[in-house]
There are 2 protein chains.
Amino acid sequence: MFSIGELAKQTKVKIPTIRYYESIGLLKPAERTEGNQRRYTAEGLERLGFIKHARELGFSVESISSLIELQEHPDRSCYAATALAETQLRTVRSKIKQLRSLEQELARISTGCSGDGVSENCYVLSSLANHDLCNKDH
Amino acid sequence: MFSIGELAKQTKVKIPTIRYYESIGLLKPAERTEGNQRRYTAEGLERLGFIKHARELGFSVESISSLIELQEHPDRSCYAATALAETQLRTVRSKIKQLRSLEQELARISTGCSGDGVSENCYVLSSLANHDLCNKDH
DNA sequence: CCTTGAACCTCTAGTCGCTAGAGATATTAT
DNA sequence: ATAATATCTCTAGCGACTAGAGGTTCAAGG
């Protein structure tokens, strides 16, 4: 049996976050001691690890709820779980794409101004003001 | 003189967002008609365009405030503005890096389960549960 | 057994960057 | 003059936490 603090240390999820997950139903309510403190089993540890990993992969809390439900009713879960992962993959890929175009523009902007002291005509500021200087259309 | 609605149409920034920007001091308070409605000049249009562009590039509202201040006191602004852009660039690059590692893991996860009906042993779910299956350490 | 200090409890409110809705007023076109 | 549309302020909500106040419980040492 772990206290919430030990659980936090093991999973590197902060204590208030653990309580938050319980409050929104992502973690099922922990057992309590006589004095009302939470006690966790290895199962709770495992589940929190699952949640943490999925959050790191960018799954929303809602998606994680679905994944957990799938875990508990394993019939046909494979298709649905794979579908969720694929949706997530698409989201990540489109984010990457968008960020790469930002990267290009920022790189162009921040090297445009060489820093030789001509300050009235800052390339960064004028680039931001005038979207036409930008090749991409975001 | 534009109404807030025209401004919204031109810049593609939503009306409540424009009012929000004013409320947090990012846009200076617009002039008003007799009947208390906002009226904007070309200058306001330009500034909102600047803000929009900077937001699209991922600058925080706080950074944009700094950029605007720099714009209004143009001495030495070039260095500071370039520094802000470079910080932003570093942030974007590190986000890309992180997302790419997520992409790899998600791609691996979601192709692992071929979908031939073996449901008890879903690769997606077990990968999420067991971080050891993952090569990266996020 | 008792005390002390760390860890825990609940509850409320704050974060960021908006977005949505209610209910009232203003402008514009006919 | 009237009707339709646009705008106003204000409050509350989103997601996913995080921080703090004020009170209780646990574990270890004396």
Is I24(B) reachable from L27(B) through a run of I, L, V, M, F, W or Y residues, each pair having side-chain heavy atoms under 4.5 Å apart? yes
Starting at atom CD1 of I15(A), determine the distance to atom P of dA6(C), rounded to an integer number of angstrom. 15 Å
Contacts of S65(A) that satisfy side chain to side chain contact (heavy atoms under 4.5 Å, CB included) - sequence neighbours left out: L26(A)
Test item: E56(A) and K52(A) side chains (from C-beta on) under 4.5 Å apart, heavy atoms: yes
Of all nucleotides in DNA chain D that come within under 4.0 Å of a heavy atom of chain B, which is furthest toward the 5' end and which toward the 3' end? dT7(D) to dT9(D)
So, with a heavy-atom separation below 4.0 Å from DNA chain D, the residues of residues 4-12 of chain B are I4(B), G5(B)
When the side chains of residues 5-15 of chain B are checked against the rest of the protein, which donor-acceptor pairs come out under 3.5 Å, sequence neighbours left out?
residue: E6(B); atom: OE1; partner: S3(B); partner atom: N; Å: 2.9
residue: E6(B); atom: OE1; partner: S3(B); partner atom: OG; Å: 3.2
residue: T11(B); atom: OG1; partner: L7(B); partner atom: O; Å: 2.8
residue: T11(B); atom: OG1; partner: V13(B); partner atom: N; Å: 3.3

Mind checking the CG-CG spacing from L84(A) to L89(A)? Nearest 0.5 Å is all I need. 12.5 Å
Suppose we screen for side chain to side chain contact (heavy atoms under 4.5 Å, CB included). Which residues come up paired with T33(B), at least two apart in sequence or across chains? Q37(B), R39(B)
Dump the pairs, protein N or O against N or O of nucleotides 25-27 of chain C, anything under 3.5 Å, distances to one decimal.
residue: dA26(C); atom: O4'; partner: Q37(B); partner atom: NE2; Å: 3.4
residue: dT27(C); atom: OP1; partner: T33(B); partner atom: OG1; Å: 2.9
residue: dT27(C); atom: OP1; partner: G35(B); partner atom: N; Å: 3.2

How would you list, by chain and number, every residue that makes a salt bridge (Lys or Arg N to Asp or Glu O under 4.0 Å) with E22(A), sequence neighbours excluded? R32(A), R38(A)
Once side chain to side chain contact (heavy atoms under 4.5 Å, CB included) is applied, do any residues pair with E62(A), and if so which ones, sequence neighbours excluded? S60(A)
Applying side chain to side chain contact (heavy atoms under 4.5 Å, CB included), name anything that partners Q88(A), two or more places apart in sequence or on another chain. F59(A), V92(A), L106(B)
Just list the side-chain donor-acceptor pairs under 3.5 Å for residues 43-51 of chain B, sequence neighbours left out, or say none.
residue: E43(B); atom: OE2; partner: K28(B); partner atom: NZ; Å: 3.4
residue: R47(B); atom: NH2; partner: E72(B); partner atom: OE2; Å: 3.0

Kindly compute the distance separating NE2 (H53(B)) from CD (E105(A)), expressed to the nearest 0.5 Å. 3.5 Å
May I have all residue pairs that pass salt bridge (charged side-chain N to carboxylate O under 4.0 Å, His left out) and include part of residues 90-102 of chain B, sequence neighbours excluded? E103(A)-R93(B)
How long is the gap from OG1 on T91(B) to CG on L57(B), to the nearest 0.5 Å? 12.5 Å
Listed pairs, N/O of protein and of nucleotides 15-18 of chain C, under 3.5 Å:
residue: dC18(C); atom: OP2; partner: Y21(B); partner atom: OH; Å: 2.9
residue: dC18(C); atom: OP2; partner: R55(B); partner atom: NE; Å: 2.7

If you look at every strand shown and take non-hydrogen atoms under 4.0 Å, does R19(B) touch a base, only sugar-phosphate, or nothing? base
